[in-house]
Amino acid sequence: MANIVAIVGRPNVGKSTLFNRLVEERKAIEDNMSGVTRDRHYGHAQWGGKFFSVIDTGGYVIGSDDLYEAEIRKQVKLAIEEADVILFVVDCHDGLTDLDTEFAHELRTTKKPVYIVANKADNQEKSFMANEFYALGVSDYEVFPIASASGSGTGELLDHLITHFEEDGIEDPDADTPKISILGRPNVGKSSFLNALLGKERSIVTNEAGTTRDAIHTRYKLYGQDFIITDTAGIRKKAKVTEDVEFYSVMRSLRTLEESDVVIVMVDATRGLEAQDINLIALAIKNNKGVMIMVNKWDLIEKDHKTMGTIKDDMLERLGENKWIPIIFTSVIEKQRIMQAIELAVKVYENKTRRVSTSKLNDVMLPEIEKYPPPAWKGKYIKIKYVTQLPTKNPVFAFFCNLPQYIKSPYTRYLENRLRENFDFEGVPVKIIYKSK
């Protein structure tokens, strides 16, 4: 069982800074603008030989008419339900506020251990001021004054916190789990897709573009297969990235792409494949990721029996030599083909990790090479002796031959096409290298 710690509190008390301190990497977006963290956000931490997951939540506000606030409240409640221990973060600079009292009121209903963490206690006087938070009456434990920006006081807090874990936890629960990420322009339906899959609101969804600011990880199980699916902030063209926060979101999305195995590029059916989408696909291929295109909002298209074929052909035309990328048409709103989309992503992952035995490769590929040998170069004949798949994370095939330097790219394309025809590598970049023998 994983041990889980939730960090909660009103906006701008330093929850994300504490989260980053615990997971020891800059994962949550920190900004002095209140309300930057809008969704629940997960990371892994370790202390005193115990491993645990940390959930960072959006700031909890009561009585605000902001569209996000009601959603954030829902997220905080979900995080509290999931957690074994709750860290209630307050701010020594501001002292006790009405919002803290309101929040404490919500927390009294939980039976779980709650620690009051008085953040921004960056000197003796501020640490002393932390005592006023005992008045909240929400915790059976002492109040812990800390400064999460510098890390002072966090050690003592963690020493107490880990006493609640009965088990040591798992070092990295995600090590061998396929990682699938959903990328695309803002407002194509990425979060709605994730929520439809999970059957519960894991991401905040509104009609405003840019609701998701962090990349959000969710574990998911389908047909006995575990995987991690990540919804990312929408990627816009450079010129449109104005706010700092949004710049970090785009950076975070690109980092998520680097960390994933399969990238679902989500496209708006009413807009088709745009330059931005093509760039994302190129980036995924460059990073050796599995790729598929999910054309969402299919319900908004007026269509006859030919429409899908026409749009698909048009997209394949734009993909050029990357015609091996599968395309699926979905409507998240009408729950149309969303399960097939995930099944396709899992299949792409299987293709990416597929290993073909050397004997089978040679049985299939050598006759193909005999049928159409590499063209001679300046009177020199090129002879390919045998082929093998290298033990890499992505499909890489080594062809052993007498004159590797004389094989040109059109022939490499021929070999790639034969490999794809005979073995299923749909959705996966295939690399061919030549070695002298």
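Just so you know, these numbers come straight off a predicted model, no measurement behind them. These values consider heavy atoms only, across backbone and side chains, with no hydrogens, waters or symmetry-generated copies.
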Novice: Mind checking what makes salt bridge (Lys or Arg N to Asp or Glu O under 4.0 Å) contact with D100, not counting sequence neighbours?
Specialist: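 Partners of D100 under the salt bridge (Lys or Arg N to Asp or Glu O under 4.0 Å) test: R10.
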Novice: Just to verify, what does H164 make a ring pair (Phe, Tyr, Trp, His ring centres under 6.0 Å) with, not counting sequence neighbours?
Specialist: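 Per chain and number, H164 pairs via ring pair (Phe, Tyr, Trp, His ring centres under 6.0 Å) with Y115, Y141.
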Novice: With distance as the sole criterion, is a donor-acceptor pair present between the side chains of K431 and N394 under 3.5 Å?
Specialist: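 Note: K431 and N394 side chains miss the donor-acceptor criterion.
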Novice: Taking the side chain as every heavy atom from C-beta outward, state whether V267 and I293 have any pair of such atoms under 4.5 Å apart.
Specialist: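 Side-chain contact under 4.5 Å: yes.
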Novice: Should D268 and K297 count as an ion pair when the cut-off is N to O under 4.0 Å?
Specialist: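 Salt bridge flag = yes for K297 with D268.
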Novice: Looking only at side chains, do N417 and R420 share a donor and an acceptor under 3.5 Å apart?
Specialist: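 Checked: N417/R420 side chains show no N/O donor-acceptor pair below 3.5 Å.
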Novice: State, to 0.1 Å, how close I281 and V265 come at their nearest heavy-atom pair, and which atoms those are.
Specialist: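 Shortest heavy-atom separation between I281 and V265 comes out as CG1-CG2, 4.0 Å.
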Novice: Can you list the residues that meet the salt bridge (Lys or Arg N to Asp or Glu O under 4.0 Å) rule with E421, with sequence neighbours excluded?
Specialist: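 In terms of salt bridge (Lys or Arg N to Asp or Glu O under 4.0 Å), with neighbours along the sequence ignored, E421 is linked to R418.
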Novice: List the atom of T330, the atom of A341, and the distance in Å for their closest heavy-atom pair.
Specialist: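 Heavy atoms only, the tightest pair is CG2-CB, 4.2 Å.
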Novice: By ring pair (Phe, Tyr, Trp, His ring centres under 6.0 Å), which residues pair with F397, not counting sequence neighbours?
Specialist: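 By the ring pair (Phe, Tyr, Trp, His ring centres under 6.0 Å) rule, F397 matches F425.
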Novice: Can you list, pair by pair, the side-chain donor-acceptor contacts under 3.5 Å of residues 309-329, counting residues two or more places apart and other chains?
Specialist:
| residue | atom | partner | partner atom | Å |
| --- | --- | --- | --- | --- |
| T310 | OG1 | K306 | O | 2.8 |
| R318 | NH1 | L273 | O | 2.4 |
| K323 | NZ | L316 | O | 3.4 |
| K323 | NZ | G320 | O | 2.8 |

Novice: Tell me every residue that passes salt bridge (Lys or Arg N to Asp or Glu O under 4.0 Å) with E426, counting only those two or more places apart in sequence or in another chain.
Specialist: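 Per chain and number, E426 pairs via salt bridge (Lys or Arg N to Asp or Glu O under 4.0 Å) with K347.
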Novice: In Å, rounded to the nearest 0.5 Å, how long is the span from CZ of F133 to CG of L96?
Specialist: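 F133 atom CZ to L96 atom CG measures 6.0 Å (nearest 0.5 Å).
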Novice: To the nearest 0.5 Å, tell me how far K112 NZ sits from I86 CD1.
Specialist: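 Reported to 0.5 Å precision, the distance equals 6.0 Å.
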Novice: What distance do N422 atom CG and D424 atom CG have between them, rounded to the nearest 0.5 Å?
Specialist: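 CG of D424 is found 11.5 Å from CG of N422.
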Novice: Which pair of heavy atoms, one from D299 and one from S331, lies closest together, and at what distance?
Specialist: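 So the two residues come closest at OD1-OG, 2.8 Å.
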Novice: Could you tell me the separation between the CG atom of L157 and the CZ atom of R21, rounded to the nearest 0.5 Å?
Specialist: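 The CZ atom of R21 is 12.5 Å from CG of L157, to the nearest 0.5 Å.
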